[in-house]
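For reference, the structure is listed below as structure tokens.
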Amino acid sequence: MDELRQAVTRLCAQYGVLTEYHDVWGHRHEASTGALVTLLAELGVDASSVEAVQAAEREAKAAREREGLPPLVAIAAGNGDWTVPVQLRTPVRSLHWSITEENGVVHQGDLPLGDTGVAQVPLRPALALPPGYHRLRLEGWPGETLLVAAPAHCYEAPALREGRTWGPSVQLYALRSDRNWGIGDFGDLATVIEQWSARGAGLVGVNPLHAMFGHNPLHASPYS
């Protein structure tokens, strides 16, 4: 590996640019140095030479040192017990923070610090945020933190929480009706749902209705 390739690979790691990947068949593919340089240029980073990469690394390090907030923090939606680490670069007596929810609702507050020195302190807003992508900012500080509020678990239908339910498994293409052309469509599926719902069913299972394999669109049959 030549010197430029090594330097570009280091820089890609800092900016989250993958230098290789494995395809669906398990084969490894490595991006060319030219492709990586082009991708970094799209991010506003000059990696055209070893000297340019070294300058970009110094700039990235300086930018990280100026940032007091992590770029992303994952929290549990609906739970107010979470913290964000704030890296203090200079002594301050308090921090004024604001959180903008995905729906536009804004929360604000202050974190008193007293006579603390330069250190990392926990910011604990004590807010139970709804599921979504929210943004935390500190007044007078560069950057922001993306707060990803995720549910504790996937959605579960009330009928399944309370017990069990039942219903038929239907292959959509096998449905026949007076209105279709020999193969079922969504109108027929709606009719099946209405008919079985009237009999107390809580679900209708269907075969995949979406494109299954982007790399091989003809591989569509559920029997393949």
**Q.** Gap separating the CG atom of D110 from the CD atom of E139, nearest 0.5 angstrom
**A.** 8.0 Å
Q.
If we ignore hydrogens and angles and just use 3.5 Å, is the side chain of H96 paired with the main-chain N or O of G109 as donor and acceptor?
A. yes
Q) Are Y133 and L72 linked, directly or through other ILVMFWY residues, by side chains that come within less than 4.5 angstrom of each other? A) yes
Q: Mind listing the closest non-hydrogen atom pair of R5 and S32 along with its distance?
A: NH1-C, 3.3 Å
Q.
Surrounding OH of Y15 (heavy atoms of other residues, nucleotides or ligands, distance under 6.0 Å), is the total greater than 12?
A. yes
Q.
Is there a path of hydrophobic side-chain contacts, each under 4.5 Å between heavy atoms, that joins V170 and L209?
A. yes
**Q.** Test item: H134 side-chain N/O and E102 main-chain N/O as donor-acceptor pair under 3.5 Å
**A.** yes
Name each donor-acceptor pair under 3.5 Å that joins a side chain in residues 182-196 to protein atoms two or more places apart or in another chain, with its distance.
{"residue": "D185", "atom": "OD1", "partner": "R179", "partner atom": "NH1", "Å": "2.9"}
{"residue": "D185", "atom": "OD1", "partner": "G187", "partner atom": "N", "Å": "3.0"}
{"residue": "D185", "atom": "OD1", "partner": "D188", "partner atom": "N", "Å": "3.0"}
{"residue": "D185", "atom": "OD2", "partner": "R179", "partner atom": "NH1", "Å": "3.2"}
{"residue": "D185", "atom": "OD2", "partner": "R179", "partner atom": "NH2", "Å": "3.2"}
{"residue": "D188", "atom": "OD1", "partner": "S177", "partner atom": "OG", "Å": "2.7"}
{"residue": "D188", "atom": "OD1", "partner": "R179", "partner atom": "NH1", "Å": "3.1"}
{"residue": "D188", "atom": "OD2", "partner": "R179", "partner atom": "NH1", "Å": "3.4"}
{"residue": "D188", "atom": "OD2", "partner": "N180", "partner atom": "ND2", "Å": "3.1"}
{"residue": "D188", "atom": "OD2", "partner": "D185", "partner atom": "N", "Å": "3.1"}
{"residue": "T191", "atom": "OG1", "partner": "G187", "partner atom": "O", "Å": "3.2"}

**Q.** Crowding at CZ, R199 (>12 non-hydrogen neighbours, <6.0 Å)
**A.** no
Q) Where is the tightest heavy-atom contact between L4 and S49, given as atom of each residue plus distance? A) CD1-C, 3.7 Å
Q: Kindly give the heavy-atom pair with the smallest separation between A77 and P130, and that separation in Å.
A: CB-C, 4.1 Å
Q.
Are the side chains of L123 and L136 in contact, using a 4.5 Å heavy-atom criterion?
A. yes
Q: Hey, could you give me the OG1/CZ distance between T100 and R135, rounded to the nearest 0.5 Å?
A: 9.0 Å
Q: For the pair L113 and R93, evaluate side-chain contact (heavy atoms from CB on, under 4.5 Å) and give the outcome as yes or no after the intermediate values.
A: CA-CA 5 Å; L113 298 175; R93 290 189 171 276; 5.7 Å; no
What pairs of donor and acceptor atoms, side-chain ones from residues 35-47 against any protein atom, are under 3.5 angstrom apart with sequence neighbours left out?
{"residue": "T38", "atom": "OG1", "partner": "G34", "partner atom": "O", "Å": "2.9"}
{"residue": "D46", "atom": "OD1", "partner": "S48", "partner atom": "N", "Å": "3.0"}
{"residue": "D46", "atom": "OD1", "partner": "S48", "partner atom": "OG", "Å": "2.8"}

Q) Are I99 and L111 connected, step by step, through hydrophobic side chains (Ile, Leu, Val, Met, Phe, Trp, Tyr) whose heavy atoms are closer than 4.5 Å? A) yes
Q: Taking R161 for its side chain and E156 for its backbone only, find out whether a donor-acceptor pair lies under 3.5 Å.
A: yes
Q) Could you give the distance from CD (E144) to CG (L138), rounded to the nearest 0.5 Å? A) 10.5 Å
Q: Determine, step by step, whether V86 and L69 satisfy the side-chain contact (heavy atoms from CB on, under 4.5 Å) criterion, reporting the C-alpha distance in whole Å, the side-chain angles of both residues, the deciding distance to 0.1 Å, and the verdict.
A: CA-CA 5 Å; V86 179; L69 291 170; 3.8 Å; yes
Q: I would like to know whether V84 and W97 meet side-chain contact (heavy atoms from CB on, under 4.5 Å); could you show each step before the answer?
A: CA-CA 11 Å; V84 174; W97 56 264; over 6 Å; no
Q. Are V73 and V148 joined in one hydrophobic group, where the rule is that I, L, V, M, F, W and Y side chains link up if heavy atoms are under 4.5 Å apart?
A. no
Q) Same hydrophobic cluster for L147 and W141, using side-chain heavy-atom links shorter than 4.5 Å among ILVMFWY? A) yes
(Q) If we ignore hydrogens and angles and just use 3.5 Å, is the side chain of W82 paired with the main-chain N or O of L127 as donor and acceptor? (A) yes
(Q) Within the 4.5 Å heavy-atom criterion, are V204 and P168 side-chain neighbours or not? (A) yes
Q: Check whether any side-chain N or O of R176 sits under 3.5 Å from a backbone N or O of A174 as a donor-acceptor pair, and report yes or no.
A: yes
Q) G202 and T165: which non-hydrogen atoms are nearest, and at how many Å? A) CA-OG1, 3.2 Å
**Q.** Minimal non-hydrogen separation, A7 against E57, with atom names
**A.** O-OE2, 4.5 Å
Q) S94 and P112: which non-hydrogen atoms are nearest, and at how many Å? A) CB-CA, 4.1 Å
Q. How many angstroms lie between CD in Q6 and CZ in R10, if you round to the nearest 0.5 Å?
A. 7.5 Å
